[in-house]
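Presented below is the structure to which this report refers.
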Amino acid sequence: MTKDLLDKASKAYFEGSPFLSDQEFDALAKKEGYERVGYNPDDRRPHLFPLYSLQKVFEGEDTPPVYKSKVIETPKLDGAAISIQYRKGKLFRVITRGDGTAGVDVTDKFFGGNIVPKKLYPQYTFSGATGDYIENNGILQVTGEVVASKEIPNARNYAAGALNLKDREEFSRRNLTFIAYNVEPNISSTYDGDMSHLEYSGFNTAMDSEWDEFPTDGKVFRVNDNTEYLVLGFTSHHPRGAYALKTREEGIETTLLDVIWQTGKSGKVTPVAILDPIEIDDAVISRATLNNIAYIKSLNLEIGCRVKVIRAGKIIPRVIERVSYDIEKNKT
């Protein structure tokens, strides 16, 4: 049941309409040991290079990897990942993340406007750090994140949802920015060198700024030396030469007093937790969203149990987990 819920949540996330917050998803994924990332869209095109997820390291809980050489720190942007293929320096194809090996072709949306460069300068003719460029027939894959300003409500959904729009004119009117954080094959011996080349070609890059105007979800740490990065290799899910450092919201404990069902403006009926009032960020919280019946079952919630509550995005109260039975017994 929980795995099915996480599968659906993962698909919804990459389609731009998530029904679980990052904190709720992370809490359930940790509980179930769930590691799948992305989903398989119906109409797929392959990425030239896989779009791996990053190993999550939670501050105060996990020990981060230790590397021999210089490490680059960049913000972990929270938008919609895409890969952009250039053939002989010219824009050729744009693909959504999908399951990391293939995604949906959205090229038509990017030939208009100035979200990404149409040509690369210089048009690289050298082999690059890995010697792959000439063998790859002059094709480069630039990977990054389509993001929207934090001032836009549900900015992550706004950005991801734009990629699903059928109307190219409507897409062009969206206030979107593309920020690059990878290029393959490498065009320099170092990661910061790669980013400098992309910046020269007209890209915004993850190294240019903290990008505080856009949603972020932690920090990314990556080995700077590209040879070391490649030698470290990859698991089936993530590179060993990089990781994402995140802070898990601890949540405030309280008691679940009741569950009521609330009808929204769209007519959708959702469960709401009635809580023993608690204070979070100077606000008194007595109600929190529970998403749907599958989420309630996944957390094994029942009236009278102890739960942890957060304010997702410092705004929306959410129940993220049930406190273990042992902890509950110790409190009585």
Side-chain angles (χ1 to χ4, degrees), residues 1-6 8-10 12-13 17-34 56 58-62 76 78 149-158 212 215-218 245-332:
M1 173 67 74
T2 302
K3 181 181 180 299
D4 291 341
L5 176 64
L6 289 169
K8 291 177 182 177
S10 185
Y13 179 87
S17 54
F19 57 85
L20 295 182
S21 69
D22 286 350
Q23 295 91 341
E24 289 170 319
F25 187 91
D26 287 345
L28 283 179
K30 180 181 179 183
K31 173 185 172 186
E32 296 296 318
Y34 183 90
K56 294 179 182 178
F58 286 95
E59 198 166 13
E61 298 180 32
D62 306 312
K76 185 178 184 295
D78 190 17
S149 169
K150 288 193 294 190
E151 295 181 358
I152 297 173
N154 298 314
R156 198 268 161 202
N157 296 9
Y158 178 90
D212 292 331
T216 58
D217 184 25
L245 182 66
K246 303 180 69 174
T247 301
R248 195 191 302 277
E249 291 192 53
E250 284 298 319
I252 303 298
E253 286 188 29
T254 188
T255 300
L256 177 63
L257 300 178
D258 198 3
V259 174
I260 63 173
W261 295 85
Q262 179 175 282
T263 303
K265 293 180 180 179
S266 65
K268 182 180 178 181
V269 180
T270 56
V272 177
I274 305 301
L275 307 167
D276 190 9
I278 50 174
E279 186 174 310
I280 305 177
D281 299 328
D282 298 322
V284 176
I285 306 298
S286 60
R287 296 159 66 99
T289 181
L290 288 172
N291 296 298
N292 53 43
I293 191 66
Y295 186 70
I296 293 173
K297 290 179 178 179
S298 296
L299 292 183
N300 192 29
L301 299 181
E302 56 189 355
I303 304 303
C305 72
R306 298 285 292 178
V307 295
K308 285 189 176 182
V309 181
I310 63 167
R311 290 183 71 196
K314 305 297 182 183
I315 300 172
I316 303 172
R318 293 182 180 272
V319 174
I320 58 168
E321 65 177 291
R322 175 174 177 161
V323 180
S324 71
Y325 295 113
D326 289 342
I327 292 176
E328 290 174 28
K329 289 176 181 177
N330 290 335
K331 288 183 177 292
T332 59

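The structure presented is a predicted model; accordingly, all values stated were derived computationally and were not measured. Counting from 1, the numbers follow the sequence of the chain as shown.
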Q. So Leu299 and Val319, side chain to side chain contact (heavy atoms under 4.5 Å, CB included) or not? Walk me through it.
A. CA-CA 9 Å; Leu299 292 183; Val319 174; 4.2 Å; yes
Q) About how many Å separate CG of Asn157 and CD1 of Ile152, when rounded to the nearest 0.5 Å? A) 11.5 Å
(Q) Any side-chain to backbone donor/acceptor pair from Lys150 onto Ala155? Under 3.5 Å, distance only. (A) no
Under a 4.5 Å cut-off applied to non-hydrogen side-chain atoms, are [X] and [Y] in contact?
X	Y	answer
Thr270	Asn291	no
Pro271	Ile296	yes
Val307	Leu275	yes

Q. After noting the C-alpha distance and the side-chain angles of Asp62 and Lys56, does the key distance pass the side chain to side chain contact (heavy atoms under 4.5 Å, CB included) rule?
A. CA-CA 9 Å; Asp62 306 312; Lys56 294 179 182 178; over 6 Å; no
Q: Report the C-alpha distance between Thr216 and Lys76 in whole Å, list the side-chain angles of each, state the deciding distance to 0.1 Å, and finish with yes or no for side chain to side chain contact (heavy atoms under 4.5 Å, CB included).
A: CA-CA 5 Å; Thr216 58; Lys76 185 178 184 295; 5.7 Å; no
Q.
Assess the residue pair Ser286 and Val284 against the criterion (side chain to side chain contact (heavy atoms under 4.5 Å, CB included)); give the C-alpha distance rounded to whole Å, side-chain angles, the decisive distance to 0.1 Å, and a yes or no.
A. CA-CA 7 Å; Ser286 60; Val284 176; 5.5 Å; no
Q | Minimum-distance pair of heavy atoms, taken over all atoms of Val272 and Gln262 | A | CG2-CB, 3.9 Å
Q: For residues Tyr295 and Leu290, report the shortest heavy-atom separation together with the two atoms involved.
A: CD2-O, 3.2 Å
Q.
Surrounding CD of Glu279 (heavy atoms of other residues, nucleotides or ligands, distance under 6.0 Å), is the total greater than 12?
A. yes
